[in-house]
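So the structure is just underneath, and the comments pick up after that.
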Amino acid sequence: MSRYRSLPASFYRHPTEQVARELLGRFLVRRLDGQKLVVRIVETEAYLGRQDRASHAWQGRRTARNASLYEAVGVAYVYFIYGMHYCLNAVSGEADEGGAVLIRAGEPLLGTETMTPLRGLKRPPRPGDLAGGPGKLCQALAIDKRLDGVSLTRGALRITRGEPIDADSVATGRRIGIDYAGQAAEWPLRFAIQGNRHVSRPFPWN
DNA sequence: CGGAAGATCCACT
DNA sequence: GTGGATCTTCCGA
């Protein structure tokens with residue numbers, strides 16, 4: 001069905017803030033051992049690249065870690081943080097700009113019985129337990145460094161058309177965990193589906 | 001080469 | 001709300 005058709009690379013070739021908004025409602029599909037795990041993207045953040053102090057591409061920084069940011073739009077940028085977590089981004093914007101969208105939270109749709117033990121849980125999960133945060137989401141979908149640089153348009157990790165939401169159903173806020181970024185910390189580049197209970201932490205609606 | 005920081009999560013009070 | 005876990009990555013000396 002068309003909800004499971006991958007978004008094309010051209011989808012990501014637009015301003016990163018726009019891509020971050022339009023990724024809400026889309027499906028993140030992980031193929032794992034012949035099984036399909038699916039979450040609906042409910043929260044994102046835009047990182048604008050060289051002009052954004054919170055971005056790993058701030059001032060055009062190029063390192064071994066962030067090489068994927070300069071590969072091509074539509075590829076995954078996966079990095080390791082805090083000694084124990086991974087974060088998943090979709091590279092977006094213009095070539096060489098270093099823009100990307102952080103996938104901060106998803107609503108589990110398929111494969112929850114597999115995600116639950118991957119998360120180390122033994123009880124039925126409550127909203128947000130499985131993928132309500134960038135680190136949780138990666139753990140639930142078995143996303144790690146091996147998926148850094150892969151295309152999101154095909155293969156073991158894809159983003160599909162899903163269920164696009166209305167523009168007026170998007171909640172906006174400040175990005176999380178980047179207080180070091182000065183003025184950029186106040187830019188309203190965090191987005192979520194209005195009222196969704198699977199977000200990483202409360203929005204103004206709560 | 002060493003130190004410090006980090007796009008987080010969890011347990012505990 | 002606070003503090004600790006944990007370790008790769010990066011930058012300055």
Side-chain angles (χ1 to χ4, degrees), chain A residues 12 16-17 19-21 23-24 28 39 41-71 75-93 97-108 115-149 152 157 159 171-192 197-203 206:
Chain A
Y12 302 91
T16 292
E17 174 180 346
V19 176
R21 291 174 172 274
L23 277 175
L24 296 173
L28 178 62
V39 305
I41 297 171
V42 300
E43 180 184 346
T44 61
E45 280 178 357
Y47 287 85
L48 304 185
R50 54 180 317 120
Q51 46 156 122
D52 178 0
R53 192 165 172 182
S55 168
H56 290 171
W58 164 238
Q59 289 184 323
R61 282 171 56 196
R62 279 186 100 112
T63 64
R65 173 176 71 156
N66 71 10
S68 297
L69 284 175
Y70 302 98
E71 280 302 315
V75 313
Y77 169 45
V78 180
Y79 65 88
F80 187 62
I81 190 66
Y82 291 122
M84 57 186 85
H85 300 294
Y86 291 94
C87 291
L88 168 68
N89 297 254
V91 176
S92 58
E97 184 180 42
V101 177
L102 172 68
I103 311 300
R104 281 197 60 88
E107 174 178 345
M115 298 183 207
T116 300
L118 278 169
R119 284 276 300 122
L121 304 174
K122 301 191 173 179
R123 305 285 161 205
R126 299 183 357 213
D129 281 353
L130 289 179
K136 294 180 186 176
L137 180 142
C138 284
Q139 194 177 19
L141 298 179
I143 295 169
D144 63 24
K145 198 76 181 146
R146 287 171 297 190
L147 291 170
D148 181 39
L152 292 168
L157 186 63
I159 296 177
T172 304
R174 294 168 46 143
R175 294 176 291 180
I176 303 298
I178 55 154
D179 291 344
Y180 59 84
Q183 186 65 31
E186 297 172 31
W187 297 349
L189 294 177
R190 181 183 178 217
F191 308 103
R197 308 192 311 138
H198 299 263
V199 294
S200 62
R201 36 205 279 192
F203 264 75
N206 285 326

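Computed over heavy atoms, backbone and side chain alike; hydrogens, waters and symmetry mates excluded. In what follows, every chain begins at residue 1, and chains take the letters A, B, ... in the order their sequences are listed. Keep in mind it's a predicted model, so treat the numbers as computed, not measured.
The CD1 atom of A:Ile178 sits 11 Å away from the P atom of B:dG6 (whole-angstrom rounding). Between the P atom of B:dA11 and the CG atom of A:Asp129 lies a distance of 11 Å, rounded to the nearest Å. The distance between atom CZ of A:Arg126 and atom C1' of B:dC10, rounded to the nearest whole Å, is 14 Å. For A:Ile176 and B:dG6, the CD1 to C1' distance is 15 Å, given to the nearest whole Å. We find that CG of A:Asn89 is positioned 11 Å from P of B:dT8, with the value rounded to whole Å. Protein atom NE2 of A:His56 is 11 Å distant from nucleotide atom C1' of B:dA5, rounded to whole Å. Atom CD in A:Gln59 sits roughly 13 Å away from atom C1' in C:dC11 (whole-Å rounding). Atom CH2 of A:Trp58 and atom P of B:dG6 are 15 Å apart (whole Å).
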Contact letters for nucleotides 2-10 of chain C, in which S counts primed atoms plus P, OP1 and OP2 and B counts the base, heavy atoms under 4.0 Å: ---BBBSSS
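A:Val78 and A:Lys145 make their closest contact through O-NZ, 3.4 Å (heavy atoms, listed as atom of the first residue, atom of the second, distance).
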Evaluation steps, side-chain contact (heavy atoms from CB on, under 4.5 Å), between A:Arg174 and A:Glu186: CA-CA 6 Å; A:Arg174 294 168 46 143; A:Glu186 297 172 31; 3.5 Å; yes
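Contact annotation: the side chain of A:Leu137 approaches that of A:Leu28 to within less than 4.5 Å [non-hydrogen atoms, C-beta and beyond].
Not a single donor-acceptor pair under 3.5 Å links the side chain of A:Asn89 to the backbone N or O of A:Val91.
Contact between the side-chain N/O atoms of A:Arg174 and the OP1/OP2 oxygens of B:dA7 is not found at any separation under 4.0 Å.
Note on ring orientation: taking the six-membered ring where Trp is involved, the planes of A:Phe80 and A:Tyr86 are tilted (angle from 30° to 60°).
Under the side chain to side chain contact (heavy atoms under 4.5 Å, CB included) criterion, A:Ala46 pairs with A:Thr16, A:Ala20, A:Leu48, A:Leu189, A:Phe191, not counting sequence neighbours.
Counting non-hydrogen atoms under 4.0 angstrom, A:Leu102 reaches a base of the nucleic acid.
Nucleotide C:dC10: paired with B:dG3 (Watson-Crick or G-U wobble, both distances less than 3.5 Å).
With hydrogens and angles ignored, no donor-acceptor pair closer than 3.5 Å exists between the side chain of A:Tyr180 and the base of B:dA5.
With respect to the salt-bridge test (charged N to carboxylate O, under 4.0 angstrom), the residues A:Arg175 and A:Glu45 do not qualify.
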